[in-house]
Amino acid sequence: MTSLKLDKAYDPAQVERRWYAYWEEQGLFVADPASPKPAYSIVIPPPNVTGQLHMGHALNNTMQDILCRYKRMAGYEVLWMPGTDHAGIATQNVVERQLAAEGQSRHDLGREKFIERVWEWRAEYGGKIINQLKRLGASCDWSRERFTMDQGLSRAVREVFVRLYEEGLIYQGDYIINWCPRCHTALSDLESEHEEVKGGLYYIRYPFKSANGYLVVATTRPETLLGDTAVAVNPDDPRYAELPEDTVLLPLLGRELPIIRDAYVSTEFGTGALKITPAHDPNDFLIGQKHNLPSIRVLDDSGRVNAEGGPYAGLDRFEARKVMLEDLEAQGLLERQEDYLHSVGHCYRCKTLVEPILSKQWFVKVGPLAAEALKAVQEGRTKIVPVQWEKTYFEWMTNIRDWCVSRQIWWGHRIPAWYCACGQVIVSRTTPQACPACGGRELTQETDVLDTWFSSALWPFSTMGWPQDTPELKKFYPTSCLVTGFDILFFWVARMMMMGIKFMGRVPFTDVYIHALVRDAQGQKMSKSKGNVIDPLTVMDDFGTDAFRFTLAAFAAQGRDIKMSQERIAGYRNFVNKIWNAARFTLMNLEEAIPEGAAAEPLLEERWVLSRLRRVAAEVARAIEEYRFNDAANAVYQFVWHEFCDWYLELSKGPLYDRGDPARQAASRRVLGEAFSRVLRLLHPFMPFISEELWQRLPGTQGSIMTAPWPSGDASEDDPAAEADLELVMAVISAVRNIRGEMGISPGQEVPLALTPHEEAARQVLAAQAGRIQSLAKTGPLAWAPEGAPPAKAAGAALARVTVFVPLEGLVDFAAEEARLDKELAKLEREIAPSVQKLANQGFLAKAPAEVVEKERAKVAEAQDKMARLRQNLARIQSFR
RNA sequence: AGGCACGUAGCUCAGGGGGAGAGCGCCACCCUGACACGGUGGAGGUCCCGGGUUCAAAUCCCGGCGUGCCUACCA
């Protein structure tokens, strides 16, 4: 045990450093699949290896840590499975940038060398975020840390791919996909983020082949006209019912284009004539297929016009647009242009404008998988919290489209498909030696890798050793809860649902808790470009990790974004300091050995604090279990500061300082130690560091606080009578303090006190607690004023069970007291006005539940009682003027 | 275009049919032997607007206004 002496203020930096290493050394984070305890498991949303801890991570992992630490204390065998994600495009970008700084490209290195280079990068920098999570206090089982590219997970990926392929749920095909010309890869629909862009709507004339005149077509992407293979109109459009001929000439290139008729074309938009570019637009592609049109791809992988573009070949897509518009204008073919606001896809990694391009890719046929994932939530096998997200989930799962999983990058799981010269495609778990069709041995492996989210989708079971049948899977799958932000509900959660059900036969988690986004104090999304990011590491430096975590928990109300600002964290830093000082007080009193002695009858405040602790522990537990982290944090805050510190510690000073009764003192010291130990345990899930530090210093504790039981207390400690009695005492003390404050009597000045209890029970309680009242309200010896005979010249306060008098002679002027009483009366009047009105309402008396009516009556009666006493006092005061 | 949230104290928000709450900030007094990152007391609100349901609406319903977000291939 370390010394009991504490510094006056808490220094988090010094304390935090100590305990994380201790927990790890003691193996307290390690989950035992053989444990007889019930299982509780969470898989971490794996941060990108390229990641730096940001507010989102901090919130997300704080919540998981609160759940895990609480569950351990509550008697569960907890597995919090950690790891990182290989983040294909992001990581490749980072390493490519590094190469660029050396004047190289990945192509200079070649695929193998490049991948080696990425692994080197990961070895050097990849662990950064893990250390940052440790800094946050995350109690993950690091002995099981996984990486989506490690061997085990790669095996799972290959297994899943092959099985899906064998079942026809993965196929290869030519479709329009989203292409990022900067990353040089296909993207899934989700990875193309739609953003509003100011563009133009250009009206272009397509001259008839031989007849005079032209068809006017409206487009937002004039450069794609190079790939047009038809112009379409609606068959029912009267404007085009009779055309001079059914062929037009493509402007600039002069190619002949058929005019086709298709109901898809809207008669409302533009001119009702639509240019068809099957290789660069998903709808045009479908129309092209239907009408057997050729597809001409006119942009290369970098977004430059290719050879098909004739005179424009080699121009960048934006440059080409500009030049072509000039040429059209010059040729009199640009009829007009309008400003046009529309939303277009951007690469979610690099924000480059995405280009729809026809290309051969691998797809997952998600329909059947989604149907099961949808059903699982509908049937409640997985519960989404808060429920409103279920609707979003349902909508997406219902309208889901096939998932393009191939990426033309190098860093990732290479697709286990091989091509034979004979045209055979072989998909296999192991590298095939010969073509099963022709026996040829010249096989080349697919160069594409899989979407990173493909491997993340397997995370809940691949991390536990699947496809092997492991004890971990048996004990910890399905996981208990997934904690994540809504931004990856589709990317990740939905896909884990599909894969988990498909390959494990059971949902991957029973609860999904969707939390909010952390924004800045103005409610703006934090982003580097806006420069409004608050770095969690800096916050932890400035305020301490515990204060930061507590702030996150306290602000994490369901369904609302969190606006983070320094001042709020400072408030909770003060709370941490308050706890530190409560510990100073406690430890000072426990410094000397507590003498053995006969158990003393517990004091009122002791019965009260244990009763309250039990209630609060239950309240906090329930809130955590229902993911109401803010309620949990606020309950702890309110109790620790405003009940434990403000009242219990203050009240306990009496017996603790009283050397005249050693047995009594010893008993109070024991209760103090016990109560404080429970406070620390209540705090531990939120504030792991300071709670451990103080736990270790608290006499009588053993081992880490992590292994201490949740302070549920014992039913025998429930003591509503103590709670009610102490409330009476507190009310009397508050009343005296109020008079003091309002009357401008200095805090140091002792005042006389007289009480008129209205019932015997109250009199007994107050008599027993007279000493406490005297010291906390700073009054002279308690006097009793008989009912109906109040002390002369006294300020008074009317409570339900007692009237409080502070005889004022020589202390204050009566005008002030008159004003104070008037104010009090007015306040009571205001308070009961609505009730009085209700009681005058026949409808209320007839229809409202009896107990509600009774409550209103009691409320009014009590207030009127108080008011009568106050008026009496007012009259007396006035009589002295 | 559809969908989903949210408008409550100066600020940030909790609450959710029967007594308007918290934190921070503000005012006054106080370095009382845990704590000035503190103590005690206090001020401060048409619960966005308009209708409706109800004995009773900040709360439920409808309609506005405002804000934010998500989804979407009408060029």
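In what follows, chains are A, B, ... by sequence order, proteins preceding strands, each numbered from 1.
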Using a strict threshold of under 4.0 Å (side-chain N to carboxylate O), is an ion pair present between [Y] and [X]?
{"X": "A:R697", "Y": "A:E693", "answer": "yes"}
{"X": "A:R221", "Y": "A:E223", "answer": "no"}
{"X": "A:K838", "Y": "A:E856", "answer": "yes"}

Nearest to the side chain of [X] - [options]?
{"X": "A:L274", "options": "B:rU12, B:rA34, B:rA75", "result": "B:rA75"}
{"X": "A:F490", "options": "B:rG18, B:rU71, B:rA72", "result": "B:rU71"}
{"X": "A:S734", "options": "B:rG41, B:rA34, B:rG18", "result": "B:rG41"}
{"X": "A:D646", "options": "B:rA75, B:rU40, B:rA43", "result": "B:rU40"}
{"X": "A:P747", "options": "B:rA34, B:rC37, B:rC30", "result": "B:rC30"}
{"X": "A:K859", "options": "B:rG33, B:rG19, B:rA43", "result": "B:rG19"}
{"X": "A:K8", "options": "B:rU12, B:rA34, B:rC35", "result": "B:rC35"}
{"X": "A:V265", "options": "B:rA75, B:rG18, B:rC35", "result": "B:rA75"}

Output yes when at least one side-chain N/O atom of A:H642 is less than 4.0 Å from OP1 or OP2 of B:rG21, else no.
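Answer is no, no contact under 4.0 Å.
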Pairwise C1' distance for B:rA36 and B:rC49, with rounding to whole Å
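Taking atom C1' in both B:rA36 and B:rC49, they lie 45 Å apart.
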For A:F285, which contact category applies under a 4.0 Å heavy-atom criterion: base, sugar-phosphate, or nothing?
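Result for A:F285 = nothing.
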Any strand is fair game: report the nucleotide pairing with B:rU40 by Watson-Crick or G-U wobble, both distances under 3.5 Å, or none.
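Here B:rU40 is engaged in a pair, and the nucleotide opposite it is B:rA28.
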For [X] and [N], give me the distance from atom [atom1] to atom [atom2], rounded to whole Å.
{"X": "A:Q388", "N": "B:rG3", "atom1": "CD", "atom2": "P", "value": "16 Å"}
{"X": "A:R737", "N": "B:rU32", "atom1": "CZ", "atom2": "C1'", "value": "11 Å"}
{"X": "A:I400", "N": "B:rA72", "atom1": "CD1", "atom2": "P", "value": "11 Å"}
{"X": "A:E851", "N": "B:rG18", "atom1": "CD", "atom2": "P", "value": "13 Å"}

Please determine whether the number of non-hydrogen atoms from other residues, nucleotides or ligands lying under 6.0 Å from atom CD of A:E626 exceeds 12.
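Yes - once you tally the heavy atoms of other residues, nucleotides and ligands closer than 6.0 Å, there are more than 12.
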Counting only heavy atoms from other residues, nucleotides and ligands, does the tally under 6.0 Å from CD of A:E196 exceed 12?
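Yes - once you tally the heavy atoms of other residues, nucleotides and ligands closer than 6.0 Å, there are more than 12.
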